[in-house]
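See below for the structure under consideration.
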Protein chains: 2
Amino acid sequence: MSIFFSRQCEYALQSIIYLAQKKQGEMTTIKEISSHLNIPFHFLGKIFQKLSHKGLLHSMKGVSGGFWLAKPAEEIVLMDIIIAIDGTDIMSLCVLGYAECNSASPCPMHNEWKTTKENFFASLSKKNILDVAKEIKKDGYRAA
Amino acid sequence: MSIFFSRQCEYALQSIIYLAQKKQGEMTTIKEISSHLNIPFHFLGKIFQKLSHKGLLHSMKGVSGGFWLAKPAEEIVLMDIIIAIDGTDIMSLCVLGYAECNSASPCPMHNEWKTTKENFFASLSKKNILDVAKEIKKDGYRAA
DNA sequence: CGATAATCGGACAAACTCATCTGAAATCAG
DNA sequence: CTGATTTCAGATGAGTTTGTCCGATTATCG
């Protein structure tokens, strides 16, 4: 029942926000994250593989291994994660599904959708995950 | 590669806009619509069944049968079609995928997403398909 | 009436996303 | 070194959405 972002992307966002709540450089296992956030263990493994390949996470194998953020939390914005997982199509596709819709021959919702999405993506590009993590802690908000 | 609305919903929107370009009460076949809009014939049949059950279309079997709008085009808004096909979940689900997100315990994107979607849905609820059809004709815009 | 052409509705197939399984490689503790 | 634990990577399975098929029903027209 996910909307707008894929399930994978939702899980990635939630997990990276979770990592941002940790001390910088602290290592965390998939096991811990999947149980805390209620995300399927093996599926999260796949997602973290992708995020590692994209350069957002670092990892270490072995008994005391795990994952940690490749950059300080304040330098990672939500949009980075979305682009890493879902790509950039979401920013350009026609909301009514017309294949030929573009700025030169816009569909009837083109301009309103353009404004809507640009504003929203702009705020996703401003939100760094350190602030997000603090906000969640402050409210005592607990992820699914 | 559809976003926001399901494929079915996109097809429904495009098809009903197509019907709105016809004279009021004029009957049109699935065959014509599917070939003009490049929508799979049998799939569109299913979608139109659903739209008929929901009361947005009327239909007639037989040699000169087909479908027509159940109401004048100016009385049907885009949101009616979206709700008929995709339902109302899209209006309430958390954009980051947190199960426990709501106005009482909002996620970090909750309020921005709320504003974004409410504005967009409001404009979808204002747009009647007669205006949309005219706009498409005026621009010479041709659906996929 | 009989042929044709359209929707109706249920079953089925294909494609895509979500999720799991398994074995290998790396790291660490004893 | 050996056993335990973790990520890595490819294969496989499950579920959902998308798309197809077919027989039945209904209306039109010659």
Side-chain angles (χ1 to χ4, degrees), chain A residues 1-15 19 26-35 37-70 82 85-87 89-90 93 97 99 144, chain B residues 1-15 19 26-35 37-70 82 85-87 89-90 93 97 99 144:
Chain A
M1 305 285 181
S2 74
I3 57 158
F4 213 68
F5 304 131
S6 68
R7 258 288 147 73
Q8 272 192 57
C9 190
E10 291 180 355
Y11 290 159
L13 287 161
Q14 296 174 10
S15 300
L19 285 178
E26 186 179 339
M27 209 175 300
T28 310
T29 64
I30 295 177
K31 195 176 167 195
E32 175 184 336
I33 299 172
S34 75
S35 72
L37 298 179
N38 197 32
I39 296 171
F41 178 81
H42 292 94
F43 196 29
L44 188 56
K46 289 295 174 198
I47 295 167
F48 270 28
Q49 269 183 41
K50 195 180 288 187
L51 291 170
S52 297
H53 292 153
K54 298 276 184 176
L56 287 172
L57 295 180
H58 287 152
S59 67
M60 210 176 68
K61 291 183 183 180
V63 162
S64 61
F67 292 86
W68 67 98
L69 296 176
I82 292 158
I85 300 294
D86 279 355
D89 278 357
I90 197 177
L93 290 175
Chain B
M1 303 285 184
S2 74
I3 56 160
F4 214 64
F5 305 131
S6 69
R7 259 291 147 71
Q8 272 190 57
C9 189
E10 291 180 355
Y11 291 159
L13 286 162
Q14 295 174 11
S15 299
L19 284 178
E26 185 178 340
M27 210 175 297
T28 310
T29 64
I30 294 177
K31 195 175 166 196
E32 174 184 337
I33 299 171
S34 75
S35 72
L37 297 180
N38 196 33
I39 296 171
F41 178 80
H42 292 95
F43 196 28
L44 188 56
K46 290 294 171 199
I47 296 168
F48 269 29
Q49 269 183 41
K50 195 181 289 187
L51 291 170
S52 296
H53 292 153
K54 298 277 183 174
L56 286 171
L57 295 180
H58 286 152
S59 67
M60 209 177 69
K61 291 185 182 177
V63 162
S64 61
F67 293 85
W68 67 98
L69 297 175
I82 292 159
I85 301 293
D86 280 354
D89 278 358
I90 198 176
L93 290 175

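All of these numbers come straight from a predicted model, not from anything done at the bench. Residue numbers begin at 1 in each chain, while the letters A, B, ... track the order of the sequences.
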Report the residue (B:Val63 or B:Pro40) whose heavy-atom-nearest nucleotide on DNA chain D is the more 5′ of the two. B:Pro40

Would you kindly give the CD1-to-P distance between B:Ile3 and D:dT17, to the nearest whole Å? 18 Å

Reading nucleotides 7-15 of chain D from the 5' end, what letters show protein touch, with B for base, S for backbone sugar-phosphate only, - for no heavy atom under 4.0 Å? BSBBB----

What is the separation between atom CZ on B:Arg7 and atom P on C:dT17, rounded to the nearest whole Å? 11 Å

Residues forming a ring-ring contact (aromatic ring centres under 6.0 Å, His included) with B:Phe43, sequence neighbours excluded: B:Tyr11

Pairs under 3.5 angstrom only: tabulate donor-acceptor contacts from the side chains of residues 54-65 of chain A to other protein residues two or more places apart or in another chain.
none

Between atom CG in A:Asp86 and atom P in C:dT17, what is the gap in whole Å? 10 Å

Residues two or more places apart in sequence or in another chain: which of them pass side-chain hydrogen bond (donor to acceptor under 3.5 Å, both in side chains) with A:Glu26? none

Assign each of A:Ser64 and A:Ser6 to its nearest nucleotide of DNA chain C by heavy atoms, then name whichever residue's nucleotide is nearer the 5' end. A:Ser6

Taking only N and O in the side chain of B:Tyr11, is any of them less than 4.0 Å away from OP1 or OP2 of D:dT18? no

Nearest-angstrom distance from the residue atom CG of B:Leu44 to C1' of C:dG9: 16 Å

Value in whole Å for how far the P atom of C:dC18 lies from CZ of A:Phe5: 14 Å

In this structure, how many angstroms lie between the P atom of D:dT16 and the CD1 atom of B:Ile85, rounded? 19 Å

Mind checking what makes side-chain contact (heavy atoms from CB on, under 4.5 Å) contact with A:Thr29, not counting sequence neighbours? A:Lys31, A:Glu32

Taking all non-hydrogen atoms of both residues, which atom of B:Ile90 and which atom of A:Ile3 are closest, and how far apart? O-CD1, 3.7 Å

Below 4.0 angstrom from OP1 or OP2 of C:dT17, is there any side-chain N or O of A:Gln8? no

Separation between CG of B:Leu37 and CD of B:Glu10, rounded to the nearest 0.5 Å: 12.5 Å

Could I get the full list of side-chain hydrogen bond (donor to acceptor under 3.5 Å, both in side chains) partners for A:Ser6, not counting sequence neighbours? A:Asp86

Rounded to whole Å, the NZ-C1' distance (A:Lys50 to C:dT17) equals 10 Å

d(CZ, B:Phe43; P, C:dG10) in whole Å: 17 Å

